[in-house]
Amino acid sequence: MIETSRQATPDAAEGRDGLAAVSVAERHLSADLVQWLSLALVAAAAVVADQVTKHVVSSQLAVGENVTVAGPFSIHHVHNSGIAFGLFAGATGMVIALTAIAVTWMLVFFARSGARHPVLPVALGLLIGGSLSNLADRMRLGHVTDFLDFRYWPAFNLADACIVAGVILLLRTMLSGERSPRRRPGASTLRP
């Protein structure tokens with residue numbers, strides 16, 4: 001058994017644990033200005049890309065019109081009043097409310113944990129940007145424009161692709177963090 005002795009330190013005199021790891025005691029996980037700017041930039045890029053592509057499709061193709069690109073991939077202009085796979089079609093008010101709640105939750109989470117991992121601004125930026133772009137369409141038009149069609153999968157748009165990419169990045173980041181615990185420099189591997 002390894003014994004350690006505690007010496008009176010200024011931290012101990014002030015009632016703080018002098019043996020607590022500095023990274024635990026002083027590490028702030030809340031997002032800073034750079035992380036907020038990164039999140040905003042990624043979200044804005046997702047919104048702009050999605051809105052531009054929807055505008056191009058809407059102005060060039062009539063609803064229901066289809067242009068084959070290559071193999072099973074085509075540009076097929078459809079309207080979707082629901083969410084993924086057409087779920088909750090016609091329940092636009094509920095979809096708007098759920099999306100607003102989800103975006104608010106993501107912003108609160110980011111405010112509290114944005115410094116946890118460098119990929120968080122990108123992952124949540126994609127999620128928030130895609131969600132906001134589709135939310136804007138639902139509020140303005142009552143539906144979203146879907147156009148990316150692979151024949152064997154329901155049509156979707158760039159906002160949907162951003163949301164899926166954000167979820168994959170977030171899950172991958174969380175899972176990789178679970179598998180490889182971080183060690184502090186100089187930390188002992190001996191256990192008492």
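Residue numbers run from 1 in the order of the sequence given.
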What pair of heavy atoms forms the shortest contact from Thr68 to Ser74, and how long is it?
CA-CB, 3.7 Å
Should Asp137 and His143 be marked as a side chain to side chain contact (heavy atoms under 4.5 Å, CB included) after you check the CA-CA gap, both sets of side-chain angles, and the distance that decides it?
CA-CA 6 Å; Asp137 290 345; His143 64 269; over 6 Å; no
Asn157 side, atom CG; Ser133 side, atom OG - distance, nearest 0.5 Å
7.0 Å
Flag, side chain of Thr99 to backbone of Val95, donor-acceptor distance under 3.5 Å
yes
State plainly whether one hydrophobic cluster holds both Leu135 and Val108, where clusters connect Ile, Leu, Val, Met, Phe, Trp and Tyr through side-chain heavy atoms under 4.5 angstrom apart.
no
Enter the distance from Ile96:CD1 to Leu98:CG here, rounded to the nearest 0.5 Å.
10.5 Å
Look at the side-chain heavy atoms of Ile, Leu, Val, Met, Phe, Trp and Tyr, link any pair under 4.5 Å apart, and say whether Leu41 and Leu33 land in one connected group.
no
Same apolar cluster (I L V M F W Y, side chains within < 4.5 Å links), Leu124/Leu37:
no
Using 0.5 Å steps for rounding, measure from the CG atom of Asn134 to the OG1 atom of Thr145.
9.5 Å
Does some side-chain heavy atom of Leu107 sit less than 4.5 Å from a side-chain heavy atom of Leu39?
yes
Any non-hydrogen side-chain atom of Leu132 less than 4.5 Å from a side-chain atom of Val103?
yes
4.5 Å side-chain heavy-atom contact, Phe147 and Ser58:
no
Ring geometry between Phe156 and Phe150 (parallel below 30°, tilted from 30 to 60°, perpendicular above 60°)
parallel
List the atom of Val42, the atom of Pro121, and the distance in Å for their closest heavy-atom pair.
CB-O, 4.3 Å
If two hydrophobic side chains count as joined below 4.5 Å and joins carry through other members, does Leu170 share a cluster with Trp36?
yes
Quick one: pull up CG in Leu148 and OG1 in Thr53 and give me the separation to the nearest 0.5 Å.
7.0 Å
When rounded to the nearest 0.5 angstrom, what is the spacing between CG in Asp50 and OG in Ser131?
10.5 Å
Using the rule that Ile, Leu, Val, Met, Phe, Trp and Tyr join whenever any side-chain heavy atoms are under 4.5 Å apart, tell me whether Val144 and Val78 fall into a single cluster.
no
What orientation do His79 and His77 show, parallel under 30°, tilted 30 to 60°, or perpendicular over 60°?
perpendicular
From NE2 (His117) to OG1 (Thr173), nearest 0.5 Å:
5.0 Å
All heavy atoms of Tyr152 vs all of Pro72, minimum pair found to be CE1-CB, 4.4 Å
Search all heavy atoms of Gly130 against all heavy atoms of Cys162 and return the closest pair with its distance.
CA-CB, 4.4 Å
Heavy-atom side-chain contact between Ile128 and Phe110 under 4.5 Å:
no
